[in-house]
Amino acid sequence: MPDLLWPIKWVIEFILVAFHQLFTILGMDPSAGITWVLAIIGLTIVVRAALIPIFVKQIKSQRNMLTAQPELKKLQAKYKGKTDRDSREKFAKEQMELYKRTGSNPLSSCLPLLIQMPIFSGLFFVLNDAQHSITTGKGGVGLMNLQLAQQFASSDLFGAPLKATFLSSDLLEVKILAAVMIIAMTVSQFITQRQIIAKNQNPDVATSQYMQTQKIMLYVFPLIFAVSGISFPLGVMFYWLASNFWTMGQQFLVIRNMPTPGSEAHKAREARLAKRGKLPVAAEPTPEEIEEAKPRQRTQPVGKARAKAPTTAKKPTPRKK
């Protein structure tokens, strides 16, 4: 059966080995755990930098989703209580047309994570093959030759082997390091999601279905990190942790510099710009625009009967002598 992840694993090995060689040239021990950890962090930076265009597209789609919420509410109210097949099909069709017209995508917040999953899986198998290289006598699919694979398999950080997992090792060093990293991953993911809800949310759409989904993700994603983290090798967890920190910092910069209109972050940005005198001043209306804006007095129509009525004066009554 062909290895479907072979191209991804080859690229991962290329980047990982390139950073490992760089740190080795700088004088670091090629067998040391810190050298491999820095190489994994370097891999994370390359991957996340390559995903920046996807992240920008995600931000635009999320804003379009917020813009579409009032229309979506009207659409939901229109079909509320209608459970027949014809109504459901019409609702789904009009909803998709709304998403297409506004350029929004309800799955946009998950897009970067979904794209990273094959990379994450490829790294998992690269490090998994490397940790078994001592018994199998095989290297990776690309630049991760047998020597480098065995160097990784024998490397450790603070006495904790990078190939070990929280569940598979009885070493106290592994338990402590894995627990610290799981907590750090969970907290960083929670803070990232919390930034969106607390600072970058327009109050007008706080009760919308989209924001309710965001609130659910606030607790679901950290829970996923906490549960799945105990079964991943420390080397893979370093990639995950570094990626979370990148996301947290990237989200902070976006919310600070490109906040959602009407949100707390948007008000704070306007206050900063006003303090520095950089807030755009609205142009004063011209005399022509003021004249056009004035309400014009309506001329009452004259009835036909009134228009044709004679205007003869009443003759005076003669006095008797």
Side-chain angles (χ1 to χ4, degrees), residues 3 5-51 116-185 188 225 228-247:
D3 188 356
L5 291 175
W6 188 92
I8 297 176
K9 289 167 65 176
W10 192 96
V11 174
I12 289 173
E13 288 185 12
F14 176 83
I15 300 173
L16 194 64
V17 171
F19 275 106
H20 181 267
Q21 293 296 327
L22 173 62
F23 293 123
T24 302
I25 293 173
L26 294 177
M28 300 184 69
D29 183 0
S31 300
I34 186 62
T35 307
W36 284 104
V37 168
L38 291 176
I40 292 172
I41 294 175
L43 169 68
T44 309
I45 293 173
V46 171
V47 171
R48 293 310 305 267
L51 291 178
Q116 282 192 90
M117 290 311 296
I119 302 172
F120 182 80
S121 300
L123 177 62
F124 175 83
F125 287 111
V126 165
L127 300 184
N128 185 67
D129 294 343
Q131 76 181 42
H132 293 99
S133 61
I134 297 177
T135 56
T136 61
K138 295 181 180 179
V141 298
L143 297 183
M144 182 71 81
N145 55 35
L146 180 59
Q147 180 184 1
L148 291 172
Q150 291 180 348
Q151 284 179 355
F152 172 81
S154 60
S155 63
D156 64 82
L157 186 67
F158 305 122
L162 295 181
K163 65 180 182 180
T165 68
F166 184 91
L167 294 177
S168 66
S169 178
D170 296 328
L171 293 175
L172 181 62
E173 293 85 353
V174 174
K175 300 288 187 184
I176 294 175
L177 184 58
V180 170
M181 293 181 66
I182 291 172
I183 293 173
M185 287 191 302
S188 60
F225 283 115
S228 59
I230 59 177
S231 60
F232 287 118
L234 295 179
V236 175
M237 290 173 66
F238 273 109
Y239 172 87
W240 208 340
L241 180 61
S243 181
N244 275 13
F245 280 128
W246 176 287
T247 302

> How long is the straight-line distance from CD1 of Ile34 back to CH2 of Trp36, given to the nearest 0.5 Å?
13.5 Å
> Write out all pairs satisfying salt bridge (charged side-chain N to carboxylate O under 4.0 Å, His left out) with one or both partners inside residues 122-148, taking only residues at least two apart or from two chains.
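Listed once each, the pairs are Lys9-Asp129.
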> Closest approach of Leu146 and Ser133, non-hydrogen atoms and distance?
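Shortest heavy-atom separation between Leu146 and Ser133 comes out as CD1-O, 3.9 Å.
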> Please answer whether the main-chain N or O of Met185 pairs with a side-chain N or O of Asn244 as donor and acceptor at a distance below 3.5 Å.
yes
> Kindly compute the distance separating CG (Leu148) from CD (Gln21), expressed to the nearest 0.5 Å.
6.0 Å
> Hey, does the side chain of Thr35 reach the backbone of Met28 with a donor-acceptor pair shorter than 3.5 angstrom?
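Here the side-chain-to-backbone pair does not exist.
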> Are the side chain of Glu13 and the backbone of Gly142 linked by a donor-acceptor contact shorter than 3.5 Å?
yes
> Which atoms form the tightest heavy-atom contact between Lys175 and Asp170, and what is the distance?
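Nearest pair, atom of Lys175 first, then Asp170: CE-CA, 4.5 Å.
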> Rounded to the nearest 0.5 Å, how far apart are CG of Leu177 and OG of Ser169?
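If I round to the nearest 0.5 Å, the distance is 10.5 Å.
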> With a 3.5 Å distance limit and no angle check, can you tell me whether Lys163 reaches the backbone of Ser154 through a side-chain donor-acceptor pair?
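No, the answer is negative, given that no donor and acceptor are paired below the 3.5 Å cut-off.
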> Between Leu127 and Pro233, is there a side-chain heavy-atom distance shorter than 4.5 Å?
no
> Tell me the closest heavy-atom pair linking Leu171 and Gly159, and the distance in Å.
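Leu171 and Gly159 have their closest heavy atoms at CD1-O, 4.2 Å.
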> Hey, what do you get for CZ (Phe120) to CZ (Phe232), rounding to the nearest 0.5 Å?
4.0 Å
> Give a yes or no answer on whether the side chain of Ser243 reaches the backbone of Tyr239 with a donor-acceptor pair at less than 3.5 Å.
no
> Show the nearest heavy-atom pair for residues Gly122 and Leu5, with the distance to one decimal.
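Distance-wise, the nearest heavy atoms are N-CD1, 4.3 Å.
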> Rounded to the nearest 0.5 Å, how far apart are CE of Met144 and CZ of Phe152?
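If we round to the nearest 0.5 Å, Met144:CE and Phe152:CZ are 7.0 Å apart.
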> Within this structure, what is the CG-OG1 distance for the pair Leu241 and Thr44, rounded to the nearest 0.5 Å?
9.0 Å
> Can you tell me if Ser121 uses its side chain to pair, donor with acceptor, with the backbone of Met117 under 3.5 Å?
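Yes; at least one donor-acceptor contact below 3.5 Å.
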